[in-house]
Structures are given as structure tokens and as C-alpha cells.
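Report on the structure given below.
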Amino acid sequence: MSNEESFWDIRLEKLQRLRELGFDPYKIERWDTPKSADKLHADFIEGTEVSFAGRISSYRDMGKAGFAHISDGDGKIQAYFRRDELGDDAYEAYKLLDLGDHIGVEGKLFLTKTGEQSIHVSKFHPLSKAMHPLPLGKEKDGHVFSGLQDIEIRNRHRHLDLMANKEGRTKLLNRSRIVAAVRSYFNDCGYLEVETPLLQQEAGGAAARPFVTHYNEYEIDVKLRISLELYLKRIICGDVQKVYELGRVFRNEGVSYKHNPEFTLLEFYEAYANLEDMMRHVENCFKYVAFTVFGSTKIDVPHEDGYLSIDFGQPWARVDMLDEIAKHTGVQRDQLLELSSAVDALGAGARVNGVTGKRVVPGEERNLGGLLEKLLEVYVEPTLIQPTFVIGYPLEISPLAKKDPNDSRFTRRFEGYVLCSEICNSFSEINDPIDQRERFDFQVGEAAAGDEEAHPMDEEFLYALECGMPPTGGCGIGIDRMAMLLTGSSTLREILLFPYMRPPASSEQAVESTPDHKEH
RNA sequence: GGGUCUGUAGCUCAGCGGUAGAGCAGUGGCCUUUUAAGCCAUUGGUCGAGGGUUCGAAUCCCUCCGGACCCA
């Protein structure tokens, strides 16, 4: 008999005995929990009759009496059990409880000798049995001992992480509060939330490779969306003036601390609005969310062995893309206006940013836009700590943004950066259908030349533009990165309840503690 | 795809060529205000998998499978 089987078998025997004693943990359907543990502490009056339920997070048996802490996930309260008051059967049932079981209790609030607010239990019932040993570490002065550290187990078996790691739990739950606040901001601004298709013939609106799946009934391959853009603009074309969607998009690329194959994107579009309006919304949205969720427009985030205060209460800095690249590469702005002169000035070989180790090879870039994008990433991004809008992106990499009326090599587009990370992307949307068709034609050419992320042609979208789209401002915000930033997380996995993980090699490794005689 | 680190009991970790360890959890016993409860006893491991070197491998080497962090 292995150790794992004996854990299971012992708990099975306890379960059986509980049933014999009339304490079947799986029989009860509800238990009154009018107050959370935190609220019981806050409203504590000795002698008050209370009812409470939760998971046993500590357990001390002293022969004819015992104590246990009962956690409702966010807070916990101690309960006191006495044999002489509960009776022999109930006390035996108490002794059959394990760390991790859920129980409901009723009793009077009292203070122990050492002054801890507790429940003197007059009645209790187990409400579920933990059939596996749980990583509920002991705790003193807020420090948890022998809890759950293994990052892989925390990510793969998130329920264990949620119950065992208070700090991680708070971040994950704050992510939901951030999403709720974003919704609330746009609803309050008069935007209409809409839902558009996840399954698409052509996945457009961004530069990324899609996931492909098969639609049996029509015998066609369909793609999972990579952005929300084109459908939302078709709604604008239908004279709905302010729309947003907050939804999951999918990109068939690698996983990193800031990439997950599926992520949550917010896109909002407003007719008769321009880049200025979009910047105002981004500023106000971050300010609103930070204040709503964290109570302050200043957020302290870990940064280089210390903390850094990011201030969302101020308007964001605004810089010109080309100016910044010129400033950080030492190349004259004028030389960055043509691919050939830029390569001459930079040198065709690899250039490495000495601070970050990131590198760019100017000679390998096919067009000016691609080179400038790379230079921005290598030289400028690492310097953008406080909230900053970078304005004026090159035409080739902006197939959906209006041309800059003053220089048609550039577009009316900006991206927002905070803590060296891109956080939003916004354009004044192209509403000239002829210009848009030319841009798609160029992208189709790029695809033919081997660019797997080039934008596909979309005739239905063009038809909508041809029917007339008002001048429109649009913007996308990566909600996961926003959550990462606001919660001070260093990886996306800290704010994704179920981050993508490579499937375990074998079913045996899938759930380490599961004996094989059980289903999972 | 490349580099660095990493995988030992349910959990947290030590051991780094010479008989597999500790704390917690678990099990049995004592204990009616404990709280990282305590005291006594005790169970539990193919040291990620496979191959090699060696008289001898958790330890050294190779391959593979996971994971973390950098870079692409």
C-alpha cells in the first residue's frame, strides 16, 4: 500500500464513520453564513449567537476539547469544541475532522484566555470532506510555514493556490475587480457593450497568427479571433456611435511572462472622436480603475529591488515616436525617414542595447516601419516607465490607421506604455475605403513575401466602409497587462486564474496526489 | 529556437561518490481556553524517466520529460 493510498483510505474510513455517527458531510445542502469571518471579528460582541461555515485551516485536539480555525477564503475565525457540551458522538465526529474539511458551526462568540475572538460551538456539521491532504500551512504573525510554494502546482492546481496563498489570491481576485471597473467606466461614458464572433473566416484586426479549427457542418476551416477591431467598426458603420467589447482573443504564439495564447482585450470605438479623445479615455480609465480597486491613483509596484510609484492621476507624457528613437539611438531624425539612410546611419549589423541586452539587426529589416518598430522596442520601450503615449507610427505597420495629413509615411496612431510595457494601441480609424483597400493590398503582398502575420483581405469590412463610416477613434487595451501592472505582478500567470500550461507528460503526473482507483 | 538554474516523503527543504534525512502534515497514545499548542511513539521515498562512468550514483556524464528566469 502506497502512502497516497493510505491517505485516501484513512479519509474514506473517517468518512464512513462520520456517516455512521449521523454526520454525513455530503448530506447537508445549506448553512447560514450571514457574516463573513472578517465581519464577525469587526462586529464582535461577546455572547452573540452566530452561524458560520468554512474550511478548517488549523486544528488542535486536546483530548476532551479542541480548537480549529475556520476559513471562508478571505478571513478566518477560531472555533472551540467541548466534549461535555457536544456529547460523545458529536465529539467523536469532531475528532474525525481533517485539515481542509468544510464545516458549519453555530454557537456564541467569546474571548479565549489569550484574547482571541472565537466561536464557542454548540452545534456543528461537516459540510464536505477533504479527501486529499491540503497544503494549508501553519501560520504565525501573518507568516505561513510550509505552505504551497511550487509555482507549477500553484498554476496547474489553482484551487490549492487560491485556498493556500493569500497574496496570490488577492491578485487574482483583484483582476476581476479591475475588469468590473473597466466595464463600469465605459458604461458610465455611454458606451454600449457588444459581443462579436469568436469564430471567423479570416482573423483580422491585428498582426498575429491565428488558431485554426474545423467547422464540421460546413466543412470549412475557421479561425479564432485575434482581435475585435473589424466587427466593432462594422457596428460603427451601422450608426451605433460608442461601442466596446471586452473579450477573449487568441494568438497562436509562444508563452512568456507577458504572453498567453488567449488573453482579454478591450477595444472601444467612438464615432466623431479623434486621438485626443482616445488618450483622454485611456487616462481617465486607468485613473478610475486604480482609484476604484486600490483606492488611489498612485500605484506602488516592485521595480529593481525596490518600489516605484506610478501616477495615474496626471495626464500621460506624450512623445513623438521618431523623436524618441533619434534621442535614444543618437541617429538624426531626418536619417530615420528612409530605410536606406537609417540603415546607413545605424549600420547593417547587429546593435545591442547595453542596458537590456535586447538587439536589432537593421540590415535584416524589409521596410522602414519594421525597423522603426524594432528600434522602438529595443531602445525606447525600456525607458518608458511613467505612463507615456508614443505618437506617430509608420504606415507599413499600421494598416488600419489614418494617414498623417502632414506626412503620408506615418499614421495617426499612438501606443501607451507604462513600466516599459505596451498597454494600449489606438488609431484614428481609416474611413476612406479606397485607402483601406490599398493598405490591405499591401498586406496581401507582404503575406505573399512570407509575412505570416500580415493582415488578410476582408471584403465584408471594406463593403461596410464603402457604405460610409464616420471619422472614428478606436483603442485597444490589453486587460491582462493592465491587471499585471496595477497589481504589481511580474508575470501574467499571477493574474490569470488558469494560465496556459503545457499538458502534463502523463496522467500520473497530471494530478500527483490522486490514487488510480479514483476518477478525476 | 538559444543560455542559466531547477526536479529528493503529501507540503517546505537539507544531503551533492560510501546504509535516503529534518520540520510540518499523517497514524497511535496523554492532555477541557489552545493557537507554528505541547509531550511520547510511529508510518511514509524506484531521490522526474531512461542510459552510461564506477567496486559503489540522489550525488559525476549523456538523452529525454516537466518547471523557473533571461535572450530570440
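- Contact check on A:Lys76 versus A:Glu139 returns a salt bridge, with a Lys/Arg side-chain nitrogen under 4.0 Å from an Asp/Glu carboxylate oxygen.
- Not a single donor-acceptor pair, N or O on each side, falls under 3.5 Å between the base of B:U32 and the side chain of A:Arg83.
- Taking atom P on both nucleotides, B:C60 is separated from B:G17 by 7 Å, rounded to a whole Å.
- Considering only side-chain N and O atoms, A:Lys64 lies under 4.0 angstrom from the phosphate OP1 or OP2 of B:C31.
- Partner A:Val360 forms a side-chain contact (heavy atoms from CB on, under 4.5 Å) with one of A:Val352, A:Leu375, A:Leu346 and no other, that one being A:Leu375.
- Rounded to whole Å, the P atom of B:U63 lies 24 Å from the corresponding atom of B:C55.
- A salt bridge links A:Asp43 and A:Lys35; the closest N-O separation between the charged side-chain nitrogens and carboxylate oxygens is under 4.0 Å.
- Separating the C1' atom of B:G23 from that of B:A14 is a span of 11 Å, rounded to the nearest Å.
- With hydrogens and angles left out, the side chain of A:Gln78 and the base of B:U34 share a donor-acceptor pair within 3.5 Å.
- Two residues, A:Asp150 and A:Phe110, neighbour RNA chain B, and the one matched to the more 5' nucleotide by heavy-atom proximity is A:Asp150.
- Nucleotides B:U6 and B:C47 have their C1' atoms positioned 14 Å apart, rounded to a whole Å.
- The distance from atom CG of A:Asp61 to atom C1' of B:G26 is 14 Å, rounded to the nearest whole Å.
- B:G21 and B:A9: their P atoms are spaced 14 Å apart (whole Å).
- As a whole-Å value, the separation of A:Lys113 NZ from B:U34 P is 5 Å.
- Not one side-chain nitrogen or oxygen of A:Arg154 sits closer than 4.0 Å to the OP1 or OP2 atom of B:G67.
- Distance noted for atom P between B:G2 and B:U12: 30 Å (whole Å).
- Comparing B:C61 with B:G7, their P atoms are spaced 13 Å from each other, to the whole Å.
- Where A:Leu111 and A:Gln149 each meet RNA chain B at their nearest nucleotide, the meeting point lying more 5' is that of A:Gln149.
- Contact annotation: A:Lys138 side-chain N/O to B:A37 OP1/OP2 distance is under 4.0 Å.
- A heavy-atom distance below 4.5 Å is not found between the side chains of A:Arg55 and A:Ile70.
- When the C1' atom is used for both B:C62 and B:U19, the distance is 28 Å, rounded to whole Å.
- Nucleotide B:A14 forms a pair with no other nucleotide shown, judged by Watson-Crick or G-U wobble geometry with both contacts under 3.5 Å.
- Side-chain nitrogen and oxygen atoms of A:Arg60 include at least one within less than 4.0 Å of the OP1 or OP2 phosphate oxygen of B:A37.
- The existence of a salt bridge linking A:Glu92 and A:Arg83 is excluded, since no basic side-chain nitrogen approaches an acidic carboxylate oxygen closer than 4.0 Å.
- In this structure, A:Thr491 reaches the sugar-phosphate backbone alone: every heavy-atom distance under 4.0 Å involves primed, P, OP1 or OP2 atoms, never a base.
- Base pairing annotation: B:G26 forms a Watson-Crick or G-U wobble pair with B:U42, both donor-acceptor distances under 3.5 Å.
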